[in-house]
Number of protein chains: 2
Amino acid sequence: MKSARVAEPRPYHHGDLRRALVEAGRRLLEAENGSDISLRAVAREAGVSPAAPYHHFRDKSELLDALAMEGWGRLADQMRADLAPTEPGQDRLVALGIAYVRFSRENPAIYRVMFDCSQNHEAMPSKLREEGAYRLVRDALIESGLDPSDEMGLELASTAVWCAAHGVAEMVGFREFSPLKAHLGGEEAFLRALLSRLTLFTAERESPAG
Amino acid sequence: MKSARVAEPRPYHHGDLRRALVEAGRRLLEAENGSDISLRAVAREAGVSPAAPYHHFRDKSELLDALAMEGWGRLADQMRADLAPTEPGQDRLVALGIAYVRFSRENPAIYRVMFDCSQNHEAMPSKLREEGAYRLVRDALIESGLDPSDEMGLELASTAVWCAAHGVAEMVGFREFSPLKAHLGGEEAFLRALLSRLTLFTAERESPAG
DNA sequence: AGCCAATCTTGACAACGATCAGATAAGCAC
DNA sequence: GTGCTTATCTGATCGTTGTCAAGATTGGCT
């Protein structure tokens with residue numbers, strides 16, 4: 001049958017277009033500096049008519065959602081990779097934060113899409129919580145000594161870490177902040193110190209705060 | 001002169017259109033929930049043709065820049081107001097952070113425009129640094145005991161505070177984080193604890209870190 | 001008065017998101 | 001194979017957007 005899927009004169013697509021579109025979108029996001037991707041450009045990149053995506057995504061925003069999801073997955077992968085060589089304890093938390101900031105730095109457009117999408121949908125998909133980056137932070141916190149049964153304490157601590165990492169990641173976009181602007185080394189040292197303190201903070205916070 | 005500016009049959013505008021456009025933009029940003037304002041809509045709101053803004057702003061992005069600047073000004077005003085009733089010391093820093101988060105919560109669209117613009121221009125205008133919100137943080141840090149002559153320490157501390165406040169502000173957009181999602185009281189308490197720790201961190205950081 | 005430069009409008013362009021009817025392909029009945 | 005159904009993709013189209021060039025209008029200056 002269609003064994004010569006490549007040799008055909010591009011009549012209809014008929015492969016896994018959905019995936020093809022997501023990959024095309026990723027390619028465009030990596031190429032351009034701005035994160036304002038155009039639905040039509042994605043279709044063009046995938047070699048499809050401007051209306052084709054609408055059979056796989058209800059909206060442009062749904063395409064962006066898919067791109068964001070792919071980004072979250074890649075972030076989690078990178079976090080896991082950066083986590084592997086570390087030993088359990090506080091260092092893991094710092095490694096996670098640094099991985100987060102580095103991801104936001106190396107993939108700024110995708111990072112922005114990820115964040116904007118999550119913000120519009122007032123709730124990150126549960127998949128992210130259960131097996132994604134958020135879960136990694138939570139696990140690292142438990143490993144570093146937090147009481148696994150203290151649900152509220154865990155939430156508080158994860159949020160604190162997340163806030164710090166995200167705050168630094170966004171501030172790196174600003175070139176104004178001199179502690180961050182020099183080079184990645186500076187950012188790393190800064191984030192390391194900040195995250196260490198915050199972990200301390202969350203650990204102490206378990207007991208009733210004065 | 002044209003004392004009857006209101007009674008005229010709206011032939012040509014000829015007032016301070018630049019300001020009128022910024023105000024129209026602010027009105028739209030406050031009305032809509034999304035921050036994707038349309039140049040034409042702003043012109044429409046100001047009662048002007050779609051091309052009129054181009055005599056006052058080179059770009060759409062320059063209009064957004066002006067809107068962002070206005071936002072930064074209002075943020076600084078609110079910070080100053082929230083600062084007034086507090087006494088010098090650590091509380092001031094917390095008050096500043098809380099004011100920041102509250103502003104991002106009460107004016108989400110403007111807040112997003114402010115931040116996006118600052119991020120694209122890789123450097124916030126110097127006005128912001130010298131007399132804006134950033135300066136307020138810096139002053140509060142000095143008041144709370146930091147060495148005014150230690151330029152690097154001040155930069156580091158301000159950045160840390162800024163990162164924390166911004167991180168919390170952005171996370172509030174996520175409804176997923178339970179420590180923040182309940183109500184403003186929760187956010188305030190959380191941010192207060194976080195900022196207190198960070199101030200401690202920055203104060204200690206003055207001495208050589210081990 | 002007359003002219004200048006600033007200001008605003010009109011009209012147009014390409015690109016965008018979105019929708020629709022219709023062409024095309026694949027799968028399954030027989 | 002023929003015929004039908006369904007999923008997929010195209011083409012044309014609509015309303016809107018950012019932007020520009022050319023012309024109309026205005027206030028200020030001499």
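Side chains included, hydrogens not; waters and symmetry mates left out as well; all remaining heavy atoms used. Throughout, a chain's letter reflects where its sequence line sits, starting with A, and its residues are numbered from 1.
- Rounded to an integer number of Å, the gap from Leu28(B) CG to dT16(D) C1' is 15 Å.
- For His56(A) and dA7(D), the shortest distance from a side-chain N or O to OP1 or OP2 is not below 4.0 Å.
- Taking atom CG on Asp36(B) and atom P on dC16(C), their separation rounds to 17 Å, with Å as the unit.
- Atom CZ of Phe57(B) is separated from atom P of dT7(C) by 12 Å (rounded to the nearest Å).
- At a threshold of 4.0 angstrom between heavy atoms, the contacts of Pro50(B) include nucleobase atoms, whether or not backbone atoms are also involved.
- Taken from CZ in Phe57(A) to CG in Leu21(A), the straight-line distance is 5.5 Å, to the nearest 0.5 Å.
- When the P atom of dG18(D) is taken as reference, atom CD1 of Ile37(B) falls 10 Å away, rounded to whole Å.
- In this structure, CG in Asp139(B) is found 11.0 Å from CG in Leu93(B), a value given to the nearest 0.5 Å.
- The shortest distance between the side-chain N/O atoms of Ser38(B) and the OP1/OP2 oxygens of dT16(D) is not below 4.0 Å.
- Across the helix from dA1(C)-dT30(D) to dC30(C)-dG1(D), the helix axis at one end is tilted relative to the axis at the other end by 10° (nearest 10 degrees, each axis from five pairs).
- Look at Arg80(A) and Asp77(A) and you find a salt bridge, because one of the NZ, NE, NH1 or NH2 atoms lies within 4.0 Å of a carboxylate O, short of that distance.
- Along DNA chain D, the nucleotide nearest Arg58(B) and the nucleotide nearest Ala41(B) are compared for position; the residue whose nucleotide lies closer to the 5' end is Ala41(B).
- Of the residues in residues 59-66 of chain A, those with a non-hydrogen atom less than 4.0 angstrom from any atom of DNA chain C are Asp59(A), Lys60(A).
- Residue Leu21(B) contributes atom CG, which lies 10 Å from atom P of dT9(C) at whole-angstrom precision.
- For Ala52(A), whose side chain is taken as the heavy atoms from C-beta onward, the closest listed nucleotide among dT10(C), dG18(D), dC9(D) is dC9(D).
- Among the nucleotides dT9(C), dT19(D), dA18(C), the one closest to any side-chain atom of His55(B) is dT9(C).
- Note: Leu64(B) CG to Met69(B) CE = 14.0 Å, rounded to the nearest 0.5 Å.
- With distances taken from any side-chain atom of Arg40(B) to the nucleotides dG18(D), dC8(C), dC9(D), the minimum falls on dG18(D).
- Between Phe115(A) and His166(A), the ring planes are parallel. Angles under 30° get that label, and only those over 60° would be called perpendicular.
- Here the CG-CZ distance, from Asp82(B) to Arg102(B), works out to 4.5 Å after rounding to the nearest 0.5 Å.
- Checking side-chain atoms of Lys60(A) against main-chain N and O of Ile37(A) turns up a donor-acceptor pair under 3.5 Å.
- For the pair Arg138(B) and Glu151(B), the salt-bridge criterion is met [side-chain N within less than 4.0 Å of a carboxylate O].
- If you check every strand for non-hydrogen atoms under 4.0 Å, Arg44(A) touches sugar and phosphate atoms only.
- You'll find that the side chain of Tyr54(A) is closest to dT19(C), out of dT19(C), dT10(D), dC20(D).
- For the pair Leu39(B) CG and dC20(D) P, the interatomic distance rounds to 11 Å; values are reported in whole Å.
- Atom CG of Leu96(A) is separated from atom OG of Ser158(A) by 11.0 Å, given to the nearest 0.5 angstrom.
- Under a cut-off of 6.0 angstrom, the local environment of CZ in Arg27(B) is crowded, with over 12 non-hydrogen atoms contributed by other residues, nucleotides or ligands.
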